[in-house]
Amino acid sequence: MSYQHVNTLSIRQFHRFIIFAIQILALVLLAMKTAMGGTDSLVAHNTFLEPDNEFHFEVGIDSLYMAQGRNQLDDGGMVWGHVSHGLGYINLYSTAGRATHQDYTELTIGMQYLESDIAEFELSFGFQLIEIFASERESDLEIIALLAYSGFDWFTPSVEHTYSLEADGHFVEVSLHGMSLDIVYGGTLTPYLTQAFDFEFALDEYNGPNHFQLGLEAVFPISPRLHLFGHLSHITPQAGIKREADIQARRKINVRELRELNRGVNDVTERQFFAGLYFNWSF
């Protein structure tokens with residue numbers, strides 16, 4: 001997602017209405033939950049952990065804040081906190097992130113619906129509101145859909161589609177997660193690869209490959225309800241990111257600014273490693 005645009009008043013009013021609607025819906029669902037006496041959570045978390053319990057809490061840190069193949073920060077990484085509550089096929093969640101080396105805070109509130117009883121397919125869709133508090137306040141509404149197939153023994157293919165109301169564009173990620181390998185202390189190690197495509201989502205008037213990503217995800221059980229999750233990822237920028245860097249360079253006026261930007265362009269267009277470590281608690 002590109003956060004370079006200033007929101008119009010109508011968009012901000014629409015966002016406030018959606019936030020209000022989510023709050024009302026959450027209250028209604030919680031009331032239904034209390035009246036029915038409980039249901040089982042069937043929603044998978046975005047770190048591929050699938051806790052059986054309904055409340056899910058996670059806290060951790062990423063060495064870089066990589067989104068859409070781009071480092072969103074000038075320096076440092078991000079500390080994240082995530083909480084979710086499952087109500088049958090509905091999952092309500094919120095994520096908050098704070099940069100470690102600069103004034104940047106991000107808040108996400110969302111709702112997801114999961115349907116996992118369609119043959120060997122798993123389908124989820126939902127929406128999320130994103131608010132950014134930095135030098136300028138920015139916001140966006142995203143609609144997300146995910147389709148995964150679990151019929152193969154050695155790998156799980158999936159396609160994730162995100163539509164941004166702010167950018168009026170689409171971002172598609174085609175992924176393969178390999179079979180999880182058992183390692184020491186009951187942990188598992190899962191390789192993955194992702195090819196991403198940008199359709200005027202991160203870059204205006206561009207449709208094509210954005211970046212290629214591969215990595216490893218590790219899960220270590222500390223207790224039945226507490227897990228340690230980590231990942232090591234590698235990103236290769238492709239045409240979309242390189243074109244964006246070139247456009248930014250051409251906008252610079254004097255030589256000094258151009259030299260300063262070129263240093264940043266090299267960082268953006270070069271391959272990058274980043275890692276993360278999280279504690280995951282279900283209750």
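Side-chain contact annotation: Tyr163 with Asp168, donor-acceptor N/O pair under 3.5 Å present. Neither side chain, Glu244 nor Tyr206, offers a donor N or O lying under 3.5 Å from an acceptor on the other. For the residue pair Ser135 and Tyr104, no side-chain donor N or O sits within less than 3.5 Å of a side-chain acceptor on the partner. Of the N and O atoms on the side chains of Gln238 and Asn210, not one donor lies less than 3.5 Å from an acceptor on the other residue. Judged purely by distance below 3.5 Å, without hydrogens or angles, the side chains of His56 and Asn91 never pair a donor atom with an acceptor atom.
Side-chain contact between Phe229 and Glu217 is present, with heavy atoms from C-beta onward closer than 4.5 Å. When side chains are defined from C-beta on, Ile144 does not count as touching His161, because their heavy atoms never get closer than 4.5 Å. Here the side chains of Thr236 and Gln213 are not in contact, with every heavy-atom distance at 4.5 Å or above. You'll find the side chain of Leu277 reaches within 4.5 Å of the side chain of Leu228, heavy atoms only. Inter-residue side-chain proximity for Arg137 and Ile132 is flagged as unmet; no heavy-atom pair is nearer than 4.5 Å.
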Test side-chain contact (heavy atoms from CB on, under 4.5 Å) applied to Val172 and Val159, step by step: CA-CA 7 Å; Val172 178; Val159 179; 4.1 Å; yes
query: Stepwise, does the side-chain contact (heavy atoms from CB on, under 4.5 Å) test hold for Glu58 with Trp281?
result: CA-CA 6 Å; Glu58 186 174 270; Trp281 184 28; over 6 Å; no
query: Where do Phe273 and His234 land on the ring-ring contact (aromatic ring centres under 6.0 Å, His included) test, with the steps shown first?
result: CA-CA 5 Å; Phe273 277 101; His234 177 269; 4.6 Å; yes
message: What verdict does the side-chain contact (heavy atoms from CB on, under 4.5 Å) test give for Tyr278 and Asp62, after you've listed the backbone C-alpha separation in whole Å, the side-chain angles of each residue and the deciding distance to 0.1 Å?
response: CA-CA 9 Å; Tyr278 300 85; Asp62 276 324; 2.6 Å; yes
task: For side-chain hydrogen bond (donor to acceptor under 3.5 Å, both in side chains), just list the numbers for Thr108 and Thr95, CA-CA rounded to whole Å, side-chain angles, deciding distance to a tenth of an Å, and then say yes or no.
output: CA-CA 5 Å; Thr108 301; Thr95 302; 5.5 Å; no
message: What verdict does the side-chain contact (heavy atoms from CB on, under 4.5 Å) test give for Tyr89 and Glu115, after you've listed the backbone C-alpha separation in whole Å, the side-chain angles of each residue and the deciding distance to 0.1 Å?
response: CA-CA 7 Å; Tyr89 291 98; Glu115 177 58 69; 4.3 Å; yes
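Considering all non-hydrogen atoms of both residues, Phe133 and Leu107 come closest at CE1-CB, 4.4 Å. In this structure, Gly187 and Phe220 approach most closely via the heavy-atom pair CA-CD2, 4.0 Å. Taking each heavy atom of Ile109 and Ser94 in turn, the nearest pair found is CG1-OG, 4.0 Å. Ser124 and Gln112 make their closest contact through OG-NE2, 3.4 Å (heavy atoms, listed as atom of the first residue, atom of the second, distance). Across all non-hydrogen atoms, the minimal contact from Leu232 to Ala275 is CD1-CB, 4.1 Å. Residues Ser164 and Glu142 approach most closely at CA-CG, 4.4 Å, considering heavy atoms.
Under the 4.5 Å side-chain heavy-atom criterion for Ile, Leu, Val, Met, Phe, Trp and Tyr, Ile222 and Leu189 are members of the same hydrophobic cluster. Follow the hydrophobic side-chain contacts under 4.5 Å out from Tyr93 and you never reach Phe283; the two are in separate clusters. Clustering ILVMFWY residues whenever any of their side-chain heavy atoms sit less than 4.5 angstrom apart, transitively, puts Phe279 in a cluster other than the one holding Ile61. Linking ILVMFWY side-chain heavy atoms closer than 4.5 Å, directly or via other members, places Leu165 and Met111 in a single hydrophobic cluster. Under a hydrophobic-cluster definition in which Ile, Leu, Val, Met, Phe, Trp and Tyr are linked whenever side-chain heavy atoms come within less than 4.5 Å, directly or via other members, Leu214 and Met179 are assigned to the same cluster.
The OG atom of Ser63 sits 12.5 Å away from atom CE of Met78, with the distance rounded to the nearest 0.5 Å. Here the CZ atom belonging to Phe212 is positioned 11.0 Å from the CD1 atom belonging to Ile235, to the nearest 0.5 angstrom.
Formation of a donor-acceptor pair under 3.5 Å by the Asn71 side chain with backbone atoms of Leu64 is not found in this model. A donor-acceptor pair under 3.5 Å links the side-chain atoms of Thr100 to the main chain of Gly77, judged by distance alone. Listed for the Gln102 side chain is a donor-acceptor partner under 3.5 Å among the backbone atoms of Asp75. Here the side chain of Glu138 pairs no donor or acceptor atom with the backbone of Glu131 at under 3.5 angstrom. Of the possible donor and acceptor atoms, none in the side chain of Asp198 sits under 3.5 Å from a partner among the backbone N and O of Pro209. Side-chain atoms of Gln72 do not come within 3.5 Å of backbone N or O of Met66 as any donor-acceptor pair. The backbone N or O of Ile241 sits nowhere less than 3.5 Å from a side-chain atom of Arg243 that would complete a donor-acceptor pair.
Shown here are the side-chain contact (heavy atoms from CB on, under 4.5 Å) partners of Pro157, two or more places apart in sequence or in another chain: Tyr149, Phe152, Phe155, Leu176.
For His231 and Phe274, the distance between ring centers is under 6.0 angstrom.
Ring-plane geometry between Phe125 and Tyr113 is classed as tilted, the angle between the planes lying from 30 to 60 degrees on a 0 to 90 degree scale. Taking the six-membered ring for Trp and thresholds of 30 and 60 degrees, Phe55 and His85 have nearly parallel ring planes, at less than 30 degrees apart. Ring geometry for Trp80 against Tyr65 counts as perpendicular: the plane angle is over 60°, on a 0 to 90° scale with 30° as the lower cut.
Ion pairing between a basic and an acidic side chain is recognised when a charged N comes within 4.0 Å of a carboxylate O; Arg98 and Asp103 show such pairing.
Pairs engaging residues 179-188 under the side chain to side chain donor-acceptor pair (under 3.5 Å) rule: Ser180-Thr190 [sequence neighbours left out].
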